[in-house]
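Only one structure is covered here, and it is reproduced in the block below.
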Amino acid sequence: MTAEPTRFDEAWQIALAHAARAAEGGRDVVLARDLLGRVSLLIDDRDDRMTPDAAELTSLREKFAAATHPFTGLDPVQIASVLFAPELFFDVPELTEVTPRTDGVGRVAVLERTVVGTDWLQDTGPNGGSAEETVGTRQDRRVALYGFKGGVGRSTATTVLARHLADRGRCVLVVDLDLESPGVSNLLADPAGMPRHGIVDHLVESAVGNADGLELVTRTSVLPYSGNGEVWLAPAGGLPLEGKPYDYLAKLNRIYSDLPPSEPGGAPRPFAVRLEDAIAACEDQVAELSRRPDIVLLDSRAGIHDIAAVVLTRLSGLALLFAVDNPSTWEGYRMLLSEWQRRPDRARELRERIRIVAAMFHSAGDIGRLSTLRKHAHEMFTETLYNLPDDGNDAEPFLAPDWQEDDRPYAPIPILFGNDLVGLDPLRSRAWPELPFVEAAYRTFVTSVERLLPPPHQEEETA
């Protein structure tokens, strides 16, 4: 009888076992998995660590390749001393620790080289959890708006929230991070009023040290609001000068890569750090043109993508998860939030920053339907982000029998839905945010989110 072939998940477990044995000699080990799922075992022999002899390497390579086939890396076992840039494997924030160093045993870590999903497991906070005061302050003032499924009204809600905050004197920057399908930009600016450059331009130009002088933001030209507030837009892509080439797709295809250090001895530049730099550049440009933004709304793309992962886990102080009450939505969120269970310390921090938004809620008076959605959200949080190791008594307030408490992350903030919202053309109906049915649909949403935000900057309070 033909033996059952080794499948993807089994190969990974086998590779982890080999990595643990390799670390028993005291050397740190990284298990790297490429885009096809092929696995390589990397052994750190730098800093006078003992380098395996030729016979040991040959034996290890043969055993590892035989056990993990067909998911074996092109060079199954490698040592740091012969790698061209070992720091890109052993010293990057993207490493996820499996087992820590102990007496006589090296650390085992995982490095996922994937198109999507890696950053769901990375340290929270920009630059891998930087405690730098400036970065932390910026993160607190950023709000991520995310939906696992598209078509739930996320970009429209972003626009309405920006207007509401501007009406109350806030300086708001909206960043269009749905780079594959930009949407919020068209709700905030006339096409002719777009800046010359966008987020993708900063990502490609900064990769080669050429980001100075980019025109990244514009003040909204189509959104009506009152008071002394402001709404600025940082679009996904820019509007080039007439006759100048602009290849958006070519830029998009080159932005997600992690980059080596820009100079010898420098730190690697992962995608998360590069995206943080792009957003910070937009904030700084608003500050130069007017005043520093009070609130930055990050309109993130839907689905499982590293942009969403970076925005939710590292770049925002508040994350609004848009949900419609159907099985595919909850299954998708369970899949994503379950990733954080592997890092309980991060999960405990992240769950404090999440709020569920009941998107496109059809009935204004059906309290029973909203309660059902709340129950489903509570079940999802309980299964994924609560009852974690070492939660202890800290978990009790979140898991109280009264799941209907309104100040919990799983308590949904509703956005009502009306047929009049379908097919609304914001460029033809410039005053659409002031329409009575729009204000009624979003009233609870904007006021609830406003209460979760930090106060205005001190200089504006005293101005």
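Model, not experiment: these values are computed from the prediction.
- Between L298 and L315, the shortest heavy-atom contact is CD1-O, 4.1 Å.
- The aromatic rings of W330 and H376 stand perpendicular to each other, their planes meeting at an angle above 60°, with 30° marking the opposite boundary.
- Between Y333 and L321, some side-chain heavy-atom pair lies under the 4.5 Å cut-off.
- The existence of a salt bridge linking R46 and D91 is confirmed by a sub-4.0 Å separation between a basic side-chain nitrogen and an acidic carboxylate oxygen.
- The minimum heavy-atom distance between A211 and L214, with the atom names listed, is O-CG, 3.2 Å.
- Seen from the ring of Y246, K251 counts as a face-on cation partner, given the 6.0 Å and 45° thresholds.
- A donor-acceptor contact under 3.5 angstrom links the side chains of E230 and W232, judged on distance only.
- Ion pairing between a basic and an acidic side chain is recognised when a charged N comes within 4.0 Å of a carboxylate O; R292 and D284 show such pairing.
- Annotation: side chain of C282 is in contact with side chain of V217 (closest heavy-atom distance under 4.5 Å).
- Among residue pairs with one or both ends in residues 150-162, those qualifying as salt bridge (Lys or Arg N to Asp or Glu O under 4.0 Å) are R154-D178, R154-D299; sequence neighbours excluded.
- Checked by atom type and distance alone, the side chain of D45 pairs as donor or acceptor with a backbone atom of S81 at under 3.5 Å.
- F64 and V39 get closest at one heavy-atom pair: CE2-O, 3.5 Å.
- Nearest heavy atoms, A236 versus S185: N-OG, 4.1 Å.
- V311 and A144 get closest at one heavy-atom pair: CG1-CB, 3.3 Å.
- Checking side-chain atoms of R355 against main-chain N and O of R408 turns up a donor-acceptor pair under 3.5 Å.
- By the 4.0 Å N-to-carboxylate-O rule, E276 lies close enough to R142 to be salt-bridged with it.
- Screening Q139, E283, R141 against V296 for a side chain to side chain contact (heavy atoms under 4.5 Å, CB included) leaves a single residue, E283.
- Scanning all heavy atoms of the two residues, the minimum distance from L95 to A109 falls at CD2-CB, 4.1 Å.
- Without hydrogens or angle criteria, N253 side chain to L249 main chain gives a donor-acceptor distance under 3.5 Å.
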